[in-house]
Number of protein chains: 2
Amino acid sequence: MRVTEPHRARFSVDERRAQLLELGLRLFAERAYDEVSIDDIASAANISKGLLYHYYGGKRAFYVACVAHAAEALVERTHMSDEIPEPDRARAGLDAYFDYAEEHATAYVALMRSGIGNDPEVAAIVEATRTRIVRRALDGMGITTPRPAFRAALRAWIGAVEAACLEHLEHRDVARVGLVDMLLAGLYGLLVVAKQLDPDAPFALGPPPQPPTQTETASPPSRGSRRRQP
Amino acid sequence: MRVTEPHRARFSVDERRAQLLELGLRLFAERAYDEVSIDDIASAANISKGLLYHYYGGKRAFYVACVAHAAEALVERTHMSDEIPEPDRARAGLDAYFDYAEEHATAYVALMRSGIGNDPEVAAIVEATRTRIVRRALDGMGITTPRPAFRAALRAWIGAVEAACLEHLEHRDVARVGLVDMLLAGLYGLLVVAKQLDPDAPFALGPPPQPPTQTETASPPSRGSRRRQP
DNA sequence: CTCCTTTGTTGAACCAGGTTCAACGCGAGT
DNA sequence: ACTCGCGTTGAACCTGGTTCAACAAAGGAG
């Protein structure tokens, strides 16, 4: 028997925090909140129960931190440069969104399905994340003052994006480009009516993303979107 | 001191179940899952802790039952008659959906924000509810065999509807009719591309819900929907 | 090199809250 | 009136989150 580890490894604060966050995100992604016990976390991280309380206030706070971590990563990831003109920026952001979701599938699903019951703090984080994305999109469209109709339209669209993304991760039977095309068409429809509801908005709607020619199976590879039809 | 209640009231099984479900839905709507203790439920229902275990397996099972109850009510409520032709059925169903959400705001929000962590059972109920609605909608469109593109489109749309509904309940600064118009326009956009992706689908898309005239602030009260502009 | 301070870390005790179970009493049937 | 069934109880139980005083590995001072 080796007794080389009388006490566990000694990390720096940041290292420990990062390790715990990563681990927690993985654990909470694969099991429900109260399926994961403090002991599970502690033993998986090879630390004692008490240490978790040193870094985070408790189990709840730790969970919140994990969710916030994932949310932050998502927001950063989908931040598109202002250089890109608007017709394509939405598509680029959407692509980045799907990229993140595909790469960190478990984390993404955990984030979307998150919430301890309807825990206000967790709900606030998820909702704040959506709001940040919506606000950023509105900024990109030149809308800075409160525009209820446009906010509602984008908020609804975010809902559609999240749903489509979860759908895509579950059973991948629709090409990703197809989903993106659909979502962009849906966004256009939403924005048309939003503009009708608020004609004074400083926002000019471009041409529809694609004329409904409905002749070919997949959409033509025009307008700079790469194909990936199976 | 009255001693008129040596033991609590004696209900029939169904009465008790109904009472507990109603109460639980209310409690879980206003507080988080593990903010609500068994004692809270028991004292609020004026019963002992043990009785809850007699009717439901435990706290978790009770929560699941509450969520299932709300989900069932929502599905029943939004079930539209097959008599209504399709251009209007979507609008009717959407109106019924908003009606339910407005009337049972707390229950609706609880249902949407539900989920104990990512509890698989709860998630399954919510997801099954969405699937039922999607399947019903597909049936109404004459699509019975698996049509991935259309399923994805409708699933995404449900996401948009839920998001818009929550948005509407939170800050009601957009007329409900406006939201409905937006959502229908978004649905149209989604379906156009879905049809492109799957041209063989036995589904003919009608004319767009409303030409983008973009002249008036609110949409005209045409097409048989009642107004409710504040 | 040794002591001392700092701070990451521990383990056991503590406690809240979900769960179990044997017994109790009100109502219906005889 | 008697008793059987079942809705109901309350206290004991136990898992699991929380607290806290003490311990040990780095880093610096003498």
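The analysis underlying the following values was restricted to heavy atoms, covering all of them including side chains, and did not include hydrogens, waters or symmetry mates. Residue numbering restarts at 1 for every chain, and letters A, B, ... go by the order of the sequence lines.
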Subject >> Spacing of B:Phe11 atom CZ relative to C:dG27 atom C1', expressed in whole Å >> reply: 15 Å

Subject >> Sugar-phosphate only, base, or nothing, as touched by B:Gly58 at under 4.0 Å among non-hydrogen atoms >> reply: sugar-phosphate

Original post:
Distance under 6.0 Å and angle within 45° of the ring axis: does B:Arg147 meet both against B:Phe203?
Top reply: no

**OP:** Decide yes or no for A:Leu20 and A:Ile47: does some side-chain heavy atom of the first lie under 4.5 Å from some side-chain heavy atom of the second?
**Re:** yes

Subject >> Rounded interatomic separation in angstrom, taking CD from A:Glu35 and C1' from D:dT15 >> reply: 13 Å

Original post:
Quick one: the side chain of A:Lys49 and the base of C:dT10, do they pair up donor-acceptor inside 3.5 Å?
Top reply: no

**OP:** Please report, rounded to the nearest Å, how far the P atom of D:dT9 is from the CD1 atom of B:Ile47.
**Re:** 7 Å

**OP:** Report the distance from atom CD1 of B:Ile38 to atom P of D:dG10, rounded to the nearest whole Å.
**Re:** 16 Å

**OP:** Could you check which of C:dG18, D:dT8, C:dT9 has an atom nearest any side-chain atom of B:Lys59?
**Re:** C:dG18

Subject >> Side-chain donor/acceptor of A:Lys49 to backbone N/O of A:Ile41, under 3.5 Å >> reply: no

Subject >> Sidechain-backbone polar pair: B:Glu103 side chain, B:Tyr100 backbone, donor-acceptor under 3.5 Å >> reply: no

**OP:** Could you state the atom-to-atom distance from CZ of A:Arg60 to C1' of C:dA16 in whole Å?
**Re:** 14 Å

Original post:
Would you say B:Arg16 reaches D:dT8's phosphate, i.e. side-chain N/O to OP1/OP2 under 4.0 Å?
Top reply: yes

Subject >> Sugar-phosphate, base or nothing in reach of B:Tyr55, heavy atoms under 4.0 Å >> reply: sugar-phosphate

**OP:** Look at the side-chain N and O atoms of A:Tyr53 and state whether any lies under 4.0 Å from the OP1 or OP2 oxygen of D:dT19.
**Re:** no

Original post:
Would one find a side-chain N or O of B:His54 under 4.0 angstrom from OP1 or OP2 of D:dG7?
Top reply: yes

**OP:** Report the distance from atom CG of B:Asp40 to atom C1' of C:dG17, rounded to the nearest whole Å.
**Re:** 10 Å

Subject >> Options D:dG16, D:dT8, C:dT9, nucleotide nearest the side-chain atoms of B:Leu51 >> reply: D:dT8

**OP:** Taking only the side-chain heavy atoms of B:Ser48 (C-beta and beyond), determine which of D:dG16, D:dT9, C:dT19 contains the nearest atom.
**Re:** D:dT9

